[in-house]
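Note that the coordinates shown come from a computational prediction; the quantities given were computed from them, not determined experimentally.
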Amino acid sequence: MPPVLAVLPGSSPGAFDTGVTLAGFVIGVIVVAMVVLIVVKVVSARRRGINPLTFDAELAAKLRDSTVLQPEKSVEVRLAEIDDLHGRGVITDAERESARASVLRG
């Protein structure tokens, strides 16, 4: 028995096929556009020396290690660090005084 095709009143049997074809074409254009945008972004990132696959992890590590997200040390802590460096002989008396003056000036 041949398949029975339901046709809505007032529509032609080819209208459904045209709609499906048009929808498939639109979806195809969207997919191609997305692929092109991804390729452009990857190429742009590689030209800048960035690995797009590890960028998020690299950025998070840089932020973690930077001073941007760390709380500012108090004056007392900074003076204690300077005195510790001086006590271990890492900096001279003149460097110690200069560093202390700089911290106290703010």
message: Using a 6.0 Å cut-off, check whether atom CZ of R88 has over 12 heavy atoms from anything other than its own residue.
response: yes
message: With rounding to the nearest 0.5 angstrom, report the CZ to NZ distance, R46 to K41.
response: 15.0 Å
query: So, S66 side chain and L63 main chain: donor-acceptor pair closer than 3.5 Å or not?
result: yes
task: Identify whether V35 and V43 are in the same connected component of the hydrophobic contact network (ILVMFWY, side-chain heavy atoms under 4.5 Å).
output: yes
- request: Give a yes-or-no answer on whether the side chains of T92 and R96 include a donor-acceptor pair shorter than 3.5 Å.
  value: no
field: Derivation of the side chain to side chain contact (heavy atoms under 4.5 Å, CB included) call for E81 and K73
entry: CA-CA 10 Å; E81 289 175 348; K73 296 178 183 177; 2.9 Å; yes
Counterpart residues, side-chain hydrogen bond (donor to acceptor under 3.5 Å, both in side chains), relative to D56 (two or more places apart): none
- prompt: Is it the case that one hydrophobic cluster holds both V26 and M34, taking links as side-chain heavy atoms less than 4.5 Å apart, direct or via other members?
  reply: yes
- prompt: Would you say R78 and E72 make side-chain contact, with heavy atoms under 4.5 Å?
  reply: yes
- prompt: Do V40 and V32 belong to the same hydrophobic cluster, where Ile, Leu, Val, Met, Phe, Trp and Tyr are linked whenever their side-chain heavy atoms lie under 4.5 Å apart, directly or via other members?
  reply: yes
- prompt: L85: which other cluster members, linking ILVMFWY side chains closer than 4.5 Å, directly or transitively?
  reply: V75, L79, I82, V90, I91, V103, L104
